[in-house]
Amino acid sequence: MSIPRTIKEAAALIERREASPVELAELFLERISSEDGKINSYITVWEEAALEAARKAEKQISEGNYLGPLHGVPIALKDIFVTKDSRTTCGSKMLRDFVPPYNSTVAEKLMASGSVVLGKNNMDEFAMGSSNETSYFGPVKNPWDTDRVPGGSSGGSAAATAANLCVASVGTDTGGSIRQPGSLCGVVGMKPTYGRVSRYGMIAFASSLDQAGPLAKTVEDAAIILSSIAGHDPMDSTSVNLPAADYASALSADVKGLRVGIPKEYFISGMDPEVEKSVRKAIAELETLGAEIVEISLPHSRYAVSTYYIIAPSEASSNLARYDGVRYTYRCENPETLRDLFFRSRSEGFGDEVKRRIMLGTYALSTGYYDAYYLKAQKVRTLIIKDFENAWEKVDVIASATSPETAFRIGEKTEDPLKMYLSDILTIPCNIAGLPGISVPCGFSSEKLPIGLQIMGKPFDEQTVLNVAYAYEQSTKWYEKEVAPPG
Amino acid sequence: MEYEAVIGLEVHAQLATESKIFSSSSTKFGSPPNSQVNPVCLGMPGVLPVFNERVLEYAIKAGLATNCEIAGKSRFARKNYFYPDLPKGYQISQYDEPLCLRGHLEIDSGDGKKKIRITRIHLEEDAGKLVHEYSDFESHVDLNRAGVPLVEIVSEPDISTAEEAVEYVKKLRTILKYIEVCDGNMEEGSLRCDANVSVRPVGQSELGTKTEIKNLNSFRFIQRAIEYETKRQEAVLRGGGKVVQETRLFDSQKGVTFAMRSKEEAHDYRYFPDPDLLPVVVEEDCLEKIRLSLPELPEEKLSRFADEFNIPKNDAETLSSSRPLAEYFEECAKHAKDSKAASNWILNEMLREVEDEDSIAEFPVKPEDLAELLNLIGEGKINRKTAKEIFSEMISGGKRAGEIVTEKGLTQITDEDEISSIIEKIIEENQKEVERYRNGDTKLLGFFVGQVMKATKGKADPAVVNQMLRKSLEER
């Protein structure tokens, strides 16, 4: 049996009885055990639980209760999703021993779809990072070149998917954390509209920006996962009460007459010329397929990174206050006073990047600075949103590069946070405006490193975004041409 | 130089909803530690708050009953600080966009009515509590109270004395209990208050430096703490010193306030809008519905009672001071032929039989049965003394007045012939006293009345007996 690379392939094997869910689970667990030492894409592997879920799926299917395309398919979850009775660390020493008594809605929905969860993927600590180097559990390596980063913060999910250590994974995206690693690892990564997927049980980084989404090898697989995790959740007040569509069934490669906006500000100076070339070629491909290419302007997007680095740390500084050493978190040894307990537990439990952002956010929210920073950032956020609203009058989707560069070397940017923050310059506006965005592979650099094309869409119009990505993917089939070696 | 106090109060009232403000956990008081909790009120990673609509309804009622404007859109904000009883490291509260604004209450002060303005009422969640009783060197955390819904009612500094402060809190408590949004139980912490106190020379318009006294949970403590603090600040100023702006606590044992933390140590709460919650929108039709559901408030009840039932203002005020009492009175007055008699009986005879106003609803004598008793007095069938005995029996035995009267033959003797023959007999038997009476010792009338009542086992109508005795004694 050859290893299934996509959900479709795995589902077909199961349907034709060529492989059972248990066989598939065993196959992937073996791969993880033999190959993941090189990639480090998992924090916790669910050997027992995965086999148990697979046996359950097998029984259901043999009894004629087939639940759909994810039934019996081995997938993974970023370790930011709370999973009942199974350690959930968020990549942090702070939560290294945290075993939650409840499930995130995303985990619950995936399990209800019959999928077999193989384990929890490595990630930047509390999703803060663009390279997966901030994880307490060590950096993740890019399967295309293990000296390089996979991107972040969902680096474990992207690397595991690319190296076929799972068929697909679910990650989260606050400023590009699904799309940028998707781009750097050569897989499809999608961030849905803010409010499309429930945030309940997804450990919060920046509440007004966080959104869960799929990492998969094909657009169709991403659509299948999105359909299974999307939808209103009464446990999340910000989840939107709109019916979630069957995105995969509705996929269409017909983009004739569709207007694709190209924001002139998004071809920034300092961009890797090979990336620019691939992206321009991809846009030309869309034109060949019948799309109309329209140059547009998003003038306030240049302030998106600065805006993001006020809003996200501000929210994070408050969201992470609960990790105080009192209850389920890491606690320092022999605290002398209450202050000492708080101070040392947090100093020892959090890594540098997390502490940096907590301090940034605490500062931005302080009396006397609030108006100048937080309030101003909120105003700029409104301007960025307005830009997009204007653009939607002229175009149906917007296309750009996902990341201005290909995967960089491990350690290359760790000493320069500002340089690191610019990795997300093209993905952040989408989060600021709450829009759906996808990264789809669009070629390779001369060093055989993947490049990603980003498609952004109107709020809650995931279908059009998926369709454009699908049209491009089906006419180029990069995912068939190259396969990431597992290290 | 004369000094005057300027006082503003922040009253925290627990809303009496079944479940917490942002989670489905129960709000039940007195349960074992950490038994009324779930991941949401424990602030575990990834959980999200969902606003309990019932809390909104209760808070709007509180706003309407205190003459506030209700904001069409208000917002939750996070108040950030670290403490072990605060599981998320922030309290969800409202900051610059509260639910209710610009209300007022009228209180009785020494010189008539006084209007106390209410700045705002906002919603917030309560914190848990630390328990120190299990160990000498460890503290434990009980989070049952974490997430219990509160309203904070903030007054303008319109209060001038400790008495007015108590009067204001009492009034507020009555209203909140009336509209059934808060049980008003100060011992259990359902109602507590912080007092902002400053003093200034009489005639000076600018305010003095204030201190805040935290967590006063009884009327007596409010009174004593404010009195002490006012005198303390006055003494500081008279001695040429300056009042330090600080947070203070009241030591009820010693009767003094003491500094908890100064302004320099004050927290920077870093308020910002809570991104996990949507703005609270109150539509006009929803507001109207709540407005219509409000019961008659104490003030309105007071004047209606005075007019409709023709009873003195003071009595009307007491009767309208609690909703169960007012309802009891009104029901009784409806059935009683004399509403004033109903008022008097309830105030003088009944109130001492009930533990507190809240237990009136369970009082064994139903208001219509009390009315029956009062009507028997009114019709002259029994006298007040007999009525009191019957009343005690009604309380203990659950029987109705008419039944007891019939069963025990307690009907008052009003038949003049019957009384007349008894009087004749008594005059016969007490000739010496009759002589003395006729010689001017009219105080002896009481003796004769007593004799008649004794002979009739108390069933004779005292008024009739009085009148007839006088007549018989003076006739000859």
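Below, read A as the first sequence line, B as the second, and so on, with proteins coming before strands; counting in each chain starts at 1. What you see is a predicted model; the values in this text were computed from it and never measured.
Looking at A:P100, there are no atoms closer than 4.5 Å to chain B (heavy atoms on both sides), in backbone or side chain. In this structure, chain B has a heavy atom under 4.5 Å from the side chain of A:L338, while its backbone stays farther away. No part of A:F81 comes within reach of chain B, as not one of its non-hydrogen atoms sits under 4.5 angstrom from that chain. In this structure, no portion of B:L130 lies under 4.5 Å from any heavy atom of chain A.
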List, with distances to 0.1 Å, the donor-acceptor pairs found between chain A and chain B - the cut-off being under 3.5 Å and no angle criterion applied.
| unit_1 | atom_1 | unit_2 | atom_2 | d |
| --- | --- | --- | --- | --- |
| A:Y102 | OH | B:P45 | O | 2.5 |
| A:R199 | NH1 | B:D276 | OD1 | 3.3 |
| A:R199 | NH2 | B:D276 | OD1 | 3.1 |
| A:G201 | N | B:G46 | O | 2.7 |
| A:S207 | OG | B:D276 | OD1 | 3.4 |
| A:S237 | OG | B:P49 | O | 3.1 |
| A:S318 | OG | B:R78 | NH1 | 2.9 |
| A:S318 | OG | B:N80 | OD1 | 2.8 |
| A:N319 | OD1 | B:R78 | NH1 | 2.8 |
| A:N319 | OD1 | B:R78 | NH2 | 3.1 |
| A:R322 | N | B:K88 | O | 3.3 |
| A:R322 | NH1 | B:G43 | O | 3.2 |
| A:R322 | NH1 | B:M44 | O | 3.0 |
| A:R322 | NH2 | B:Y90 | OH | 3.2 |
| A:R327 | NH1 | B:L42 | O | 2.5 |
| A:R327 | NH2 | B:P87 | O | 2.5 |
| A:Y328 | OH | B:G43 | O | 3.1 |
| A:T367 | N | B:D268 | OD2 | 2.9 |
| A:T367 | OG1 | B:D268 | OD1 | 2.8 |
| A:T367 | OG1 | B:D268 | OD2 | 3.3 |

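In terms of non-hydrogen atom pairs under 4.5 Å with chain A, the most contact-rich of B:P49, B:G89, B:G43 is B:G43.
For A:N121, the side-chain hydrogen bond (donor to acceptor under 3.5 Å, both in side chains) criterion is met by A:S157, A:S169, not counting sequence neighbours.
Here the straight-line distance linking atom CZ of B:F82 with atom CG of A:L341 works out to 11.0 Å at 0.5 Å rounding.
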